[in-house]
Amino acid sequence: MPNVEEQKPPWTAEELSAQLYAQKSRYHDLHPFHQRMNEGLLSPPEIRLWAANRFYYQKSIPLKDAAILSNCPHRGIRREWIDRIIDHDGREGTEGGIEAWLRLGEAVGVARAELLDERYVLPGVRYAVDAYVNFCRTEPWIIAIASSLTELFGPGAIKTRLAALETNYSWIDPAGFEYFRVRLKQAPRDARYALNLVLERCRTRSRQEQAVRALIFKCDLLWSQLDAIERGESRPVE
Ligand code: AHQ
């Protein structure tokens, strides 16, 4: 006798898409730290701590995307997905997002060496980011791809943030925000490709619900990063 789980009919593509988009309410653009950022209320030390901790997230993105590649048996999908690694690591002639974030750090007053040696990375941020990389190493590749669908909500948030940063933080050289200008072009393309893959490949109800849970996991991960950044350093100073 099949259990109740197996009897639930799969969602249509429209229903699954709606279930995924419904997670927008969990997105970290609504976090008080981002709200204060957008209102121009963050101090230079708060901005610097955010830049240094987000750098740990940014430099980990290629690791999680390489984990997805290593688990994905489909050449055609790997040919598309590999661009995400190049977008961040760069290649001859294009610096990439990690270099752009190092420049953001310099623009807000955090030296490259201080970003690279992780001296300001908070335990809560390291924990969240490492959980994301490990999730992508251990979950089925299509479920790891589903966790990247926070980027359905990214462009709107980044557009608002970029305008707020340029308007409210005149002490920061606007050239330092180049990372976000480039992201506004890359994120919609990435999110569209990832959404289509999830809608095409998640055909059973249990797989579809697993994809939604993966997106919720990622929303919570981004939220907990900002919880740590907002709380700030609480370890005893060495
Ligand atoms: O700069 C960001 C980025 O490169 C990525 C990759 C993507 C993924 O594969 O999980 N997610 C993501 C995100 C970036 N920036 C965040 C921001 O708010 O600046 C948003 C974040 C995301 O929405 O997951």
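We count ligands from 1, going down the list as the structure has it; atoms in each ligand are counted the same way. The analysis underlying the following values was restricted to heavy atoms, covering all of them including side chains, and did not include hydrogens, waters or symmetry mates.
Using a 4.0 Å cut-off between charged side-chain N and carboxylate O, Arg112 and Glu106 make a salt bridge. Look at Lys59 and Glu118 and you find a salt bridge, because one of the NZ, NE, NH1 or NH2 atoms lies within 4.0 Å of a carboxylate O, short of that distance. Looking at Glu233 and Arg235, a side-chain N of the basic residue comes within less than 4.0 Å of a carboxylate O on the acidic one, giving a salt bridge. Classification of Arg189 and Asp87 as a salt-bridged pair holds, one side-chain N sitting under 4.0 Å from a carboxylate O.
Leu222 counts as a contact of ligand 1, since one of its heavy atoms falls under 4.0 Å from the ligand. Under a 4.0 angstrom heavy-atom cut-off, Phe153 registers as lying outside contact with ligand 1. Within the structure, ligand 1 has Lys218 among the residues with a heavy atom less than 4.0 angstrom away.
Closest to atom 4 (O) of ligand 1, if we only count protein heavy atoms, is His88 NE2, 2.7 Å. Here the heavy atom of the protein found nearest to atom 5 (C) of ligand 1 is Glu151 OE2, 3.7 Å. Nearest protein heavy-atom contact of atom 22 (C) of ligand 1 is Thr150 OG1, 3.4 Å. The single protein non-hydrogen atom nearest to atom 16 (C) of ligand 1 is Arg54 NH2, 3.5 Å, given as residue, atom name and distance. When hydrogens are left out, the protein atom nearest atom 20 (C) of ligand 1 is Tyr27 OH, 3.2 Å; that is the closest non-hydrogen contact. What sits closest to atom 2 (C) of ligand 1 on the protein, heavy atoms only, is Tyr179 OH, 3.4 Å. Scanning all protein heavy atoms for the shortest distance to atom 9 (O) of ligand 1 gives Lys64 NZ, 2.6 Å. Scanning the protein for heavy atoms near atom 11 (N) of ligand 1, the closest one is Tyr57 OH, 3.3 Å.
Within 6.0 Å of atom CG in Leu41, more than 12 heavy atoms from other residues, nucleotides or ligands are found, so the atom counts as buried in its surroundings. For Arg91, the CZ atom is loosely surrounded, since the number of other residues' heavy atoms within 6.0 Å does not exceed 12.
For atom 3 (C) of ligand 1, the nearest non-hydrogen atom from the set Gln225, Arg183, His34 comes from Arg183.
Of the N or O atoms in Ser148, none lie within a sub-3.5 Å distance of an N or O in ligand 1. Every N/O-N/O distance between Ser147 and ligand 1 stays at or above 3.5 Å.
Close contacts of ligand 1 with Tyr132, meaning ligand atoms under 4.0 Å from a residue heavy atom, involve 8 (C), 9 (O), 10 (O). Close approach of ligand 1 to Arg84 is summarised as follows: ligand atoms under 4.0 Å from at least one heavy atom of the residue are 9 (O). Using a 4.0 Å cut-off to heavy atoms of Arg161, the atoms of ligand 1 that qualify are 17 (C), 18 (O), 19 (O).
Geometrically, Arg78 does not engage Trp81 in a cation-pi contact, judged by NZ or CZ lying under 6.0 Å from the ring centre and within 45° of the ring axis. Geometrically, Arg126 engages Tyr56 in a cation-pi contact defined by less than 6.0 Å to the ring centre and at most 45° from the axis.
The backbone N or O of Gly97 sits nowhere less than 3.5 Å from a side-chain atom of His88 that would complete a donor-acceptor pair. Remark: the backbone N or O of Thr12 is paired with a side-chain donor or acceptor of Glu15 at under 3.5 angstrom. Using a distance-only test at 3.5 Å, with no hydrogens or angles considered, no donor-acceptor pair links the side chain of Ser17 to the main chain of Ala13.
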